[in-house]
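For reference, the structure is listed below as structure tokens.
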Amino acid sequence: VHLDLQDSAVGYVGARLLAALQQTKMLKSLHLNLGYNLIGDKGVEAICALKTAPLLEHLVLLLHWNNVGMAGAQALATLRHAPALRSLQLDLSQNHLEAREAQLLARL
């Protein structure tokens, strides 16, 4: 599945709705571009529910310009617990991430 929703005013509510993709049967690959949507930490936390998708092997999350900070980084770090995830690509440019957040993400 490839969804390009860049600069679409998705916001937190939309991110929460997109998290329902975790229930898609046979979801093995997801490329989700949410750049410039200002979903914030709560939106990232919602999107990270994708980690429960049992067959998801490849995940690309483009989250540039979304006001992601420590809470969002903590949520993203939980993706390492996704049961089938083999590859993960994140774009977190132009967010509020510093050394502490980078350390969390380095554990992925």
Side-chain angles (χ1 to χ4, degrees):
V1 176
H2 184 114
L3 293 173
D4 187 347
L5 299 170
Q6 180 169 306
D7 202 13
S8 299
V10 168
Y12 162 68
V13 173
R16 200 175 79 223
L17 293 171
L18 286 167
L21 286 168
Q22 67 180 310
Q23 299 170 5
T24 304
K25 293 181 181 177
M26 305 303 290
L27 180 65
K28 289 188 171 197
S29 178
L30 177 61
H31 181 114
L32 186 55
N33 183 353
L34 292 175
Y36 296 94
N37 274 291
L38 303 176
I39 65 172
D41 287 333
K42 289 189 182 256
V44 172
E45 290 168 354
I47 290 294
C48 286
L50 291 167
K51 70 179 175 254
T52 64
L55 301 177
L56 185 60
E57 294 179 356
H58 307 285
L59 179 59
V60 176
L61 293 175
L62 305 180
L63 299 170
H64 48 285
W65 289 93
N66 271 293
N67 290 333
V68 179
M70 177 56 90
Q74 289 171 329
L76 289 166
T78 68
L79 291 173
R80 70 179 174 270
H81 301 299
L85 196 61
R86 298 178 61 129
S87 71
L88 174 64
Q89 179 181 339
L90 298 173
D91 180 350
L92 293 165
S93 59
Q94 303 303 320
N95 281 289
H96 304 289
L97 304 175
E98 297 180 10
R100 294 178 305 148
E101 291 84 353
Q103 286 177 329
L104 280 172
L105 296 171
R107 296 180 193 156
L108 286 167

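A quick note: this is a predicted structure, and the numbers were derived from the prediction, not measured.
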**Study point:** Closest non-hydrogen atom pair, E57 against L85
**Key:** O-CD1, 3.5 Å

**Study point:** The single option from I47, L56, L88 passing side chain to side chain contact (heavy atoms under 4.5 Å, CB included) against L79
**Key:** L88

Review point. Taking a hydrophobic cluster as the set of Ile, Leu, Val, Met, Phe, Trp and Tyr residues connected by side-chain heavy atoms closer than 4.5 Å, whether directly or through intermediates, do L18 and L55 fall within one such cluster?
Key: no

Identify all side-chain donor-acceptor contacts of residues 65-76 below 3.5 Å with residues at least two apart in sequence or on another chain.
unit_1	atom_1	unit_2	atom_2	d
W65	NE1	Y36	OH	3.4
N66	OD1	N37	N	3.4
N66	OD1	L38	N	2.8
N66	OD1	I39	N	2.9
N66	ND2	L34	O	2.9
N66	ND2	L63	O	3.1
N66	ND2	H64	O	3.1
N67	OD1	H96	NE2	3.1

Review point. Is there a path from L97 to L104 through hydrophobic residues (I, L, V, M, F, W, Y) whose side chains come within less than 4.5 Å of each other?
Key: no

Point to revise | same_hphob_cluster(L21, L17) at 4.5 Å side-chain heavy-atom cutoff | key: no

Revision key, fill the gap. Sorted by chain and number, sequence neighbours left out, ring-ring contact (aromatic ring centres under 6.0 Å, His included) with H58 holds for none

Point to revise | CG-CG distance between L92 and L61, expressed to the nearest 0.5 angstrom | key: 8.5 Å

Point to revise | R80 side-chain N/O to A77 backbone N/O, donor-acceptor pair under 3.5 Å | key: yes

Check your understanding: Under a single-linkage rule joining Ile, Leu, Val, Met, Phe, Trp and Tyr whose side-chain heavy atoms are separated by less than 4.5 Å, which residues share a cluster with L62?
Key -> V60

Study note, to complete from the structure: Nearest heavy-atom contact between A46 and A19 is O-CB, 3.1 Å

Point to revise | Gap between atom CG of L30 and atom CG of L3 - 0.5 Å precision | key: 6.5 Å

Exercise for review: Check whether V44 and Y12 end up in the same hydrophobic cluster, where Ile, Leu, Val, Met, Phe, Trp and Tyr are linked by side-chain heavy atoms less than 4.5 Å apart.
Suggested key: no

